[in-house]
Amino acid sequence: MTEIKAIRGFNDILPGEIGKWQFVENTAREVFEGFGFSEIRIPILERTELFARGIGEATDIVEKEMYTFTDRSGNSLTLRPEATASMARAYLEHQLHSFDPVAKLYCIGPMFRYERPQKGRYRQFYQIDAEVFGVDNPMVDAEVIHMLIHFLRRVGLERLELQINSLGCRECRPRYREELKGFLTKRSFRLCEDCQRRLETNPLRILDCKVESCQEAIAGAPKVTDYICEQCRKHFDRVKEYLAMAGLSFILNPRMVRGLDYYTRTAFEVISYQLGSQNAVTGGGRYDNLFQEIGGLDIPGIGFAVGMERLVSLLPAGKGFVQNPSLFVAALGDEALKEAYRIVSQLHLEGIRAELDYEGKSLKSQMRRADKLKARYVLIFGEEEFKRGRAVLRNMETKSQEEIPLQGVLNTLKKRIIGD
RNA sequence: GUGAGUGUAGCUCAGUUGGAUAGAGCACUGGGUUGUGGCCCCAGUGGGCGAGGGUUCGAGUCCCUUCACUCACCCCA
């Protein structure tokens, strides 16, 4: 029998680290709700077409990274590679705009992309998504970014860098694209192999190529922000203004490019230099064309996705996320063990973490286990005391112990455990 | 999809120019204290060296193939 292991890029999150995940999720819920967002849960499977149209046929995600299969009735389905398209679909399908044109939604859950795993990148990975549909006012751009930064601070992350850029709209971006292409074509002999190809497929991507010779070739290249139209320029100026009003500092990165087709105007990323090569903890932006691609209505949107495993990996180690038992009951002898079981069961009903040894091992080994589990108290429940109607309660930290009567043990224990 | 690195007990690793029953520390179990933890001491369980093939009298050590993991590229959270 060969051992069955989890498939490539799919990881288990074990009890030792789950505390961090719960902490991050709880903080996100609290912060986002405070900013007026509501949770939405969407399916993990969608019709392939939703992503193909929403994200863009020519993107890497759609071209080579989707988990797509045909179900038993012949429909092409895809495990969601991101949440935004599904959230937009849900918004349209249930006509949420008829309740209020502005919808502030967030969603937490796994995404799937068939990529080669590496540090900070897995085939199943978790994202926290927040989106605002229905407003294109720059004030919302700033508000969303403000919420994001506030969330990251609440989670305890320091030394992060907020980068912003404007990608222009469908009117002005093509102009810039041509301009850039023209500039780079003259210097194409200095570009790496990948960038030679990108010159045709996606010239903007060349801007953040890491190859040195490419960086040199890019020097002096036209900047997006110099080519965007009047409306886009105004929009971007207001975003910066509102960000400043919120007291946020940011770095303008005219070379930041987003890989999904639907992004327009504001784009942003939060970078950590403590991560590996995949250093974006979160990324997002405005997408005023997405809705038209998938449904027809002209609804603007803006949002971001936080990469949970990247975020969790930045959290300080330890920090009391592990839950330890409050009480360990060490019983000796069958009768005492039965009584111990009764007591522990009662404590569980009160929500008190209590453990006992089921195997009837020696007191020494039970004490060892209690110590290993870092139990605060041990109730020693031997046959002698049991006959006398008493038990010994030991405080594992102070090493002091006292004899308590069996009558009313539950109350005594509750008082001791909850009391301090 | 491409490239590089790694693959020996649950974990971290050591295994000399291929040589005799594969090691250490930690962890685990038991004992030293016939009913008491974390330190210490003693003992024990546990792998046949990712898998398959080859070279050889003999391979964890050499060659080939394959798989897995890691990091990086592409791209993204």
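Sequence lines set the chain letters: A, B, ... in the order given, protein chains first and strands last, and positions in each chain run from 1.
- Looking at heavy-atom distances under 4.0 Å, Glu384(A) makes contact with a base.
- The two atoms that bring Arg187(A) and Glu216(A) nearest to each other are NH1-O, 4.0 Å, heavy atoms only.
- The CZ-C1' distance, from Phe125(A) to rC75(B), rounds to 11 Å in whole Å.
- Distances from the side chain of Gln401(A) to the nucleotides rU2(B), rU36(B), rC74(B) place rU36(B) closest.
- On the C1' atoms, rG47(B) is 14 Å away from rC13(B), given to the nearest whole Å.
- With respect to Lys104(A) and Glu143(A), a salt bridge is recorded, a charged nitrogen being found less than 4.0 Å from a carboxylate O.
- Annotation: Tyr242(A) is not in aromatic contact with His146(A) [ring centroid separation under 6.0 Å not met].
- Between the CZ atom of Arg369(A) and the P atom of rU29(B) there is a distance of 9 Å, given to the nearest Å.
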| query | Under a cut-off of 3.5 Å for both distances of each Watson-Crick or G-U pair, what dot-bracket string does RNA chain B give, using [ ] for crossing pairs and | for inter-strand pairs? | reply | (((((((..((((.....[...)))).(((((.......))))).....(((((..]....))))))))))))....
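- Annotation: rC75(B) and rU66(B) have their C1' atoms spaced 28 Å apart (nearest Å).
- Note on Arg41(A) versus Glu39(A): salt bridge recorded, some NZ/NE/NH1/NH2 to OD/OE distance being below 4.0 Å.
- A residue-by-residue look at Ile7(A) and Arg123(A) shows that Ile7(A) has its nearest nucleotide of RNA chain B further toward the 5' end.
- Regarding contacts with the backbone of rG35(B), every side-chain N or O of Ser365(A) stays at 4.0 angstrom or more from both OP1 and OP2.
- If you check every strand for non-hydrogen atoms under 4.0 Å, Val378(A) touches nothing.
- Using a 4.0 Å cut-off, some side-chain N or O of Arg258(A) falls inside it from OP1 or OP2 of rA77(B).
- A distance below 6.0 Å separates the ring centres of Phe291(A) and Tyr91(A).
- Judged by distance alone, with hydrogens and angles left aside, the side-chain atoms of Arg177(A) form no donor-acceptor pair with the main-chain N or O of Pro203(A) at under 3.5 Å.
- Side-chain N/O atoms of Arg198(A) include one lying less than 4.0 angstrom from OP1 or OP2 on rC74(B).
- Residue Tyr67(A) comes nearest to Arg113(A) through the heavy atom pair CE1-C, 3.7 Å, listed as atom of the first residue, atom of the second, then distance.
- Atom pair Leu332(A):CG and rU33(B):C1' shows a separation of 15 Å (rounding to whole Å applied).
- Among the candidates Glu403(A), Glu339(A), Glu385(A), the single residue satisfying the salt bridge (Lys or Arg N to Asp or Glu O under 4.0 Å) test with Arg390(A) is Glu403(A).
- Nucleic acid contact class of Lys361(A) (heavy atoms, under 4.0 Å, all strands): sugar-phosphate only.
- The environment of Asn26(A) atom CG is dense: over 12 non-hydrogen atoms of other residues, nucleotides or ligands sit within 6.0 angstrom.
- Between the CZ atom of Phe268(A) and the P atom of rA77(B) there is a distance of 11 Å, given to the nearest Å.
- Nucleotides rA4(B) and rC11(B) have their C1' atoms positioned 26 Å apart, rounded to a whole Å.
- Atom name C1', nucleotides rA14(B) and rG7(B): the rounded distance is 15 Å, in whole Å.
- For Asp371(A), the side-chain atoms get nearest to rG37(B) when compared with the rest of rA77(B), rG37(B), rC75(B).
- In this structure, Ala370(A) reaches neither bases nor backbone, as no heavy-atom distance under 4.0 Å exists between it and the strands shown.
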Produce the list of close N/O pairs, under 3.5 Å, pairing protein atoms with atoms of nucleotides 25-28 of chain B; give distances to one decimal.
none

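- Rounded to whole Å, the C1' atom of rC73(B) lies 32 Å from the corresponding atom of rC62(B).
- For rC69(B), one of the phosphate oxygens OP1 or OP2 lies less than 4.0 angstrom from a side-chain nitrogen or oxygen of Arg8(A).
- If you measure from atom CG of Leu373(A) to atom P of rG38(B), you get 14 Å, rounded to the nearest angstrom.
- Here Ser362(A) lies in heavy-atom contact (under 4.0 Å) with sugar-phosphate atoms only.
- Comparing the P positions of rU56(B) and rU70(B) gives a spacing of 38 Å, expressed to the nearest Å.
- Judged by distance alone, the side chains of Gln292(A) and Arg170(A) do bring a donor and an acceptor atom under 3.5 Å apart.
- No side-chain donor-acceptor contact under 3.5 Å links Ser188(A) to the backbone of Leu184(A).
- Here Gln118(A) does not reach the OP1 or OP2 of rU70(B): none of its side-chain N or O atoms lies under 4.0 Å away.
- Using a 4.0 Å heavy-atom criterion, one finds that Phe386(A) contacts no nucleic acid atom at all.
- For the P atoms, the distance linking rG19(B) with rG60(B) amounts to 10 Å, nearest Å.
- Among the protein residues, Lys119(A) comes within range of the sugar-phosphate backbone only, with heavy atoms under 4.0 Å from sugar or phosphate atoms but none that close to a base.
- Distances were taken from every side-chain heavy atom of Arg116(A) (C-beta onward) to each of rG35(B), rG3(B), rA77(B); the shortest belongs to rG3(B).
- Along RNA chain B, the nucleotide nearest to Lys399(A) and the one nearest to Gly382(A) differ in position, and the one closer to the 5' end is contacted by Gly382(A).
- Aromatic ring centres of Phe250(A) and Phe268(A): separated by at least 6.0 Å.
- No engagement by Glu82(A) is indicated, since no non-hydrogen atom pair under 4.0 Å with the nucleic acid exists.
- The side chain of Arg113(A) sits closest to rA77(B) out of rA77(B), rA72(B), rC74(B).
- A donor-acceptor contact under 3.5 angstrom links the side-chain atoms of Glu385(A) to the base of rG35(B).
- Base orientation of rG48(B): syn (glycosidic angle within 90° of 0).
- In this model, no side-chain donor or acceptor of Arg368(A) finds a partner on the base of rG38(B) within 3.5 Å.
- The side chain of Leu363(A) has rG35(B) as its nearest neighbour among rC75(B), rG35(B), rG32(B).
- Rounded to whole angstrom, the span from the CD1 atom of Ile271(A) across to the P atom of rA77(B) amounts to 11 Å.
- Counting to the nearest Å, the P atom of rC11(B) and the CG atom of Leu14(A) are 13 Å from each other.
- Remark: the separation of the P atoms in rG25(B) and rC39(B) is 16 Å, to the nearest Å.
- At a cut-off of 3.5 angstrom, the base of rC75(B) holds at least one donor-acceptor pair with the side chain of Arg121(A).
- Checked for salt-bridge contact, Arg53(A) and Glu49(A) meet the test: a charged N lies under 4.0 Å from a carboxylate O.
- Inspection of the Glu178(A) and Tyr227(A) side chains reveals no N or O donor paired with an N or O acceptor under 3.5 Å.
- Nucleic acid contact for Gly276(A): sugar-phosphate only, since backbone atoms but no base atoms lie under 4.0 Å from a heavy atom of the residue.
- In this structure, the CZ atom of Arg394(A) is 6 Å from the C1' atom of rU36(B), given to the nearest Å.
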